[in-house]
Structure formats: structure tokens, C-alpha cells
Amino acid sequence: MVQFTVTLDPVVAEFYRRVAELTDIPVETVLSDALFKLAGELSLEATRKK
């Protein structure tokens with residue numbers, strides 16, 4: 001796996017920490033899943049525009 005470092009606004013970081021706590025999933029996994037989902041949505045949007 002490749003690792004990246006991201007800087008988040010403290011409010012956003014707390015949001016993802018809270019989601020991780022509520023789902024009992026590591027915050028890194030929550031962030032990774034959120035980014036993966038966003039990438040898929042952006043890809044779909046880009047293909048629809050063509």
C-alpha cells in the first residue's frame with residue numbers, strides 16, 4: 001500500500017474520528033473509504049460529461 005499524508009480542518013478531522021468511533025473502524029479506513037467513494041463518483045460524473 002502507498003501512504004499519503006493529508007491535512008484536515010480540525011472540524012473535519014473530528015467528524016471522521018467520530019464516524020470511526022461509531023462504526024468501530026479505524027479512522028484511516030474511514031478516510032480511505034470516503035476518498036475511494038468520492039473518486040468513483042467523480043469518475044462517473046466525468047464519463048457522463050463526455
Side-chain angles (χ1 to χ4, degrees):
M1 290 260 176
V2 177
Q3 291 185 330
F4 290 92
T5 301
V6 295
T7 303
L8 300 174
D9 182 276
V11 173
V12 174
E14 184 55 35
F15 169 78
Y16 283 109
R17 276 193 205 103
R18 187 75 178 120
V19 171
E21 286 176 13
L22 291 171
T23 58
D24 200 30
I25 297 172
V27 70
E28 294 85 359
T29 302
V30 172
L31 287 166
S32 176
D33 290 351
L35 287 170
F36 187 76
K37 182 176 187 218
L38 176 60
E41 291 170 357
L42 292 172
S43 295
L44 283 174
E45 186 177 319
T47 57
R48 282 190 218 135
K49 288 182 179 180
K50 284 189 174 186

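Because only heavy atoms are used, hydrogens play no part in the values below, and waters and symmetry mates are left out as well, while side chains stay in.
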- Message: Taking the basic N atoms (NZ, or NE/NH1/NH2) and the acidic carboxylate oxygens, is any pair closer than 4.0 Å for Arg17 and Glu14?
- Response: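 Yes, Arg17 and Glu14 are salt-bridged.
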- Quick one: name the residues clustered hydrophobically with Val27, using the 4.5 Å side-chain heavy-atom rule over I, L, V, M, F, W, Y, and just say none if it's on its own.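 Direct or chained contacts put Val27 with Val6, Leu8, Val12, Phe15, Tyr16, Val19, Ile25, Val30, Leu31.
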- Task: Run the numbers on Asp33 and Lys37 for side-chain contact (heavy atoms from CB on, under 4.5 Å), then give the verdict.
- Result: CA-CA 6 Å; Asp33 290 351; Lys37 182 176 187 218; over 6 Å; no
- Query: What pairs of residues pass the side-chain hydrogen bond (donor to acceptor under 3.5 Å, both in side chains) test when at least one of them lies in residues 19-29, not counting sequence neighbours?
  - Reply: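 Sorted pair list: Arg18-Glu21.
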- Do you know which two heavy atoms are closest between Pro26 and Ala20, and how far apart they sit?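 Reported closest heavy-atom pair: C-CB, 4.1 Å.
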